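Chain A is the first sequence line, chain B the second, and so forth, proteins listed ahead of strands; every chain is numbered from 1. Just so it is clear, the model here is predicted, and its values are computed rather than measured.
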Amino acid sequence: MDTVHARFKEKIGEVLLPGDVFSFRFPEAGDGIIKTEKMICGPGLRRNGDEVLVCKSGILRHKQPNLYWIDSQQRRYVPAKGESVIGIVTAKSGDIFKVDVGGSEQASLSYLAFEGATKRNRPNVQVGDLVYSQFTIANKDMEPELVCIDSCGRANGMGVFGADGLLFKVSLGLVRRLLAPQSEIVKDLEKIFPFELVVGMNGRVWVKAKTVQQTLIVANLLETCENMTSQQRQTLFRRVAEGSL
Amino acid sequence: MANDGAKLSKNLLRMKFMQRGLDAEAKKLLEEEEKRIISDDHWFLDLPELKAKENHIIEERSYVPCEDLVYGRMSFKGFNPDVEKLMLLMNAPKEEEEDEDEDETVSRMETDITDEEMARRYESLVGSMRKKFAKKRDRSAITKKEEDVNCNVVDYQPKRAFMKPQD
């Protein structure tokens with residue numbers, strides 16, 4: 001098993017292109033001396049029999065103990081199971097809502113998938129509402145399905161939100177930077193003024209602050225810090241903080 | 001009948017009423033023949049055994065576990081207190097995992113009672129419940145038993161049963 005991880009380890013941090021192949025032969029199942037470990041290939045890597053193929057161009061990253069993935073940039077979202085996204089309700093048909101999540105097709109959201117919803121007690125969802133929900137089914141063969149409750153039946157903040165505020169689109173890389181555990185962008189932003197932020201993994205961000213002007217400022221800041229270095233960003237934020245006071 | 005007495009068909013001979021006269025060995029032979037015929041009729045696949053391959057590589061499509069992304073709803077400087085509470089709730093499990101590695105000592109919430117207090121409480125609870133459901137005669141026996149502090153079982157009189165009158 002060391003050979004498996006060794007092949008990957010020598011490429012960590014390097015740029016890989018689609019079509020690169022990591023192939024290794026696993027030892028026969030007969031001898032139980034060598035314990036085979038599981039290897040998890042994340043986004044950008046695909047399994048093909050006993051080989052691992054790279055299908056996106058980017059940098060190979062690693063997380064202990066055995067997770068590898070490709071760090072790449074894109075703007076188009078592909079639904080993945082378990083991710084929380086912001087959707088816009090486009091249609092109400094019978095028992096389900098059709099929600100636009102920015103993928104190749106619209107996702108369906110059942111009206112029973114809200115906290116405290118029963119057949120008599122329908123949730124108050126209108127066309128055009130914003131919903132924060134999670135994917136239960138999201139693969140290339142089926143229509144994606146969303147739910148607004150977790151496995152215990154609690155909402156956990158999911159559901160309809162956003163009476164006011166502004167929704168705009170950013171790239172998926174920026175979304176991941178915003179949602180990183182110790183995100184610097186978020187730390188810099190929260191010093192400016194109080195506001196509320198909802199980030200969907202499909203590249204949609206919703207912002208709400210006390211006044212319309214502040215909302216617009218935060219939205220513009222988020223859109224611009226995509227292409228700035230951290231130095232430029234910090235100087236910009238400081239200027240804004242001084243200007244707004 | 002078309003057949004002579006000597007030439008009876010196989011199926012006829014296999015019937016139950018014709019086998020009553022046979023001995024055990026002949027019966028066993030006939031049974032085995034029947035089983036063979038039945039198992040020949042069963043269909044089966046003549047393929048080599050295929051073992052399901054163990055997959056050592058697991059595919060993961062989402063970025064969330066890769067980079068440990070936090071909960072998507074955020075609120076700053078008290079703009080939305082509900083969301084701030086949610087943030088603490090949803091991001092707390094991750095922090096707990098980190099702390100577990102650092103200190104593995106007894107983890108106690110402040111509102112919990114200690115183990116000793118719990119044991120003491122249970123001791124008295126068991127005794128009082130037993131008294132509650134005991135019959136009147138046994139209740140006094142139980143109280144007598146409890147008096148011994150060293151937990152030695154005091155030999156008390158056995159339960160008085162009905163004694164038949166002797167003439």
Side-chain angles (χ1 to χ4, degrees), chain A residues 1 4 26 29 36-43 45-47 49-52 61 63 66-69 71 78-86 132 135 138-139 156-158 161 172 175-181 183 186 189-201 206 208-210, chain B residues 44-113:
Chain A
M1 258 313 107
V4 176
F26 288 101
T36 50
E37 293 168 8
K38 295 225 184 248
M39 198 195 78
I40 309 180
C41 39
L45 294 171
R46 184 163 283 195
R47 181 175 75 90
D50 262 346
E51 302 172 328
V52 174
R61 301 267 186 231
K63 181 179 156 193
N66 54 358
L67 174 60
Y68 298 92
W69 77 93
D71 192 4
V78 173
K81 182 171 170 178
E83 291 195 342
S84 308
V85 294
I86 297 181
Y132 188 64
F135 280 107
N139 50 37
N156 278 344
M158 293 192 274
F161 70 96
L172 303 189
V175 162
R176 277 185 276 137
R177 274 193 288 162
L178 280 173
L179 291 178
S183 167
V186 163
L189 267 178
E190 64 184 358
K191 293 180 198 151
I192 306 182
F193 36 64
F195 68 100
E196 192 190 342
L197 177 69
V198 178
V199 182
M201 293 287 296
W206 177 87
K208 178 172 171 188
K210 282 212 187 89
Chain B
F44 59 92
L45 287 172
D46 196 10
L47 294 171
E49 249 191 52
L50 296 167
K51 273 194 292 185
K53 276 199 212 159
E54 251 190 70
N55 282 332
H56 303 280
I57 310 179
I58 307 173
E59 276 196 12
E60 166 73 58
R61 287 247 169 266
S62 164
Y63 274 106
V64 174
C66 296
E67 301 182 0
D68 281 335
L69 301 180
V70 301
Y71 187 58
R73 290 193 79 158
M74 299 187 241
S75 154
F76 306 109
K77 296 201 171 169
F79 193 77
N80 189 340
D82 298 330
V83 174
E84 301 212 345
K85 261 187 257 168
L86 262 174
M87 275 169 78
L88 291 172
L89 259 175
M90 305 290 289
N91 295 333
K94 244 174 278 165
E95 286 162 22
E96 263 178 32
E97 267 175 40
E98 282 169 26
D99 288 340
E100 257 177 38
D101 298 329
E102 283 164 14
D103 79 69
E104 303 237 23
T105 53
V106 177
S107 58
R108 251 175 56 183
M109 288 194 287
E110 276 130 28
T111 50
D112 268 358
I113 55 177

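With chain B as partner, the option from A80(A), A180(A), G200(A), G157(A) having the largest number of non-hydrogen pairs under 4.5 angstrom is G157(A). Across F195(A), Y132(A), F161(A), the residue that shares the most heavy-atom pairs under 4.5 angstrom with chain B is F195(A).
The main-chain N or O of W69(A) is never found under 3.5 Å from a side-chain atom of Y63(B) such that the two would form a donor-acceptor pair.
Looking at L67(A), only its side chain comes within 4.5 Å of chain B, counting heavy atoms on both sides. Using a 4.5 Å cut-off between heavy atoms, R46(A) touches chain B through backbone and side chain atoms alike. Using a 4.5 Å cut-off between heavy atoms, I86(A) makes no contact with chain B at all. Residue A138(A): no heavy atom, backbone or side chain, is found under 4.5 Å from chain B. Interface residue K210(A): backbone and side-chain heavy atoms are both found under 4.5 Å from chain B. Looking at K208(A), both its backbone and its side chain come within 4.5 Å of chain B, counting heavy atoms on both sides.
The distance from the OH atom of Y71(B) to the CE atom of M158(A) is 6.5 Å, given to the nearest 0.5 Å. With rounding to the nearest 0.5 angstrom, the OG atom of S62(B) is 11.5 Å from the NZ atom of K81(A). Interatomic distance, L179(A) CG to E67(B) CD, rounded to the nearest 0.5 Å: 9.5 Å.
Results of the side chain to side chain contact (heavy atoms under 4.5 Å, CB included) test with F76(B) over L189(A), I192(A), L197(A) single out L197(A) as the only residue that passes.
One finds a salt bridge joining R73(B) and E196(A) here, because a Lys/Arg side-chain nitrogen approaches an Asp/Glu carboxylate oxygen to under 4.0 Å.
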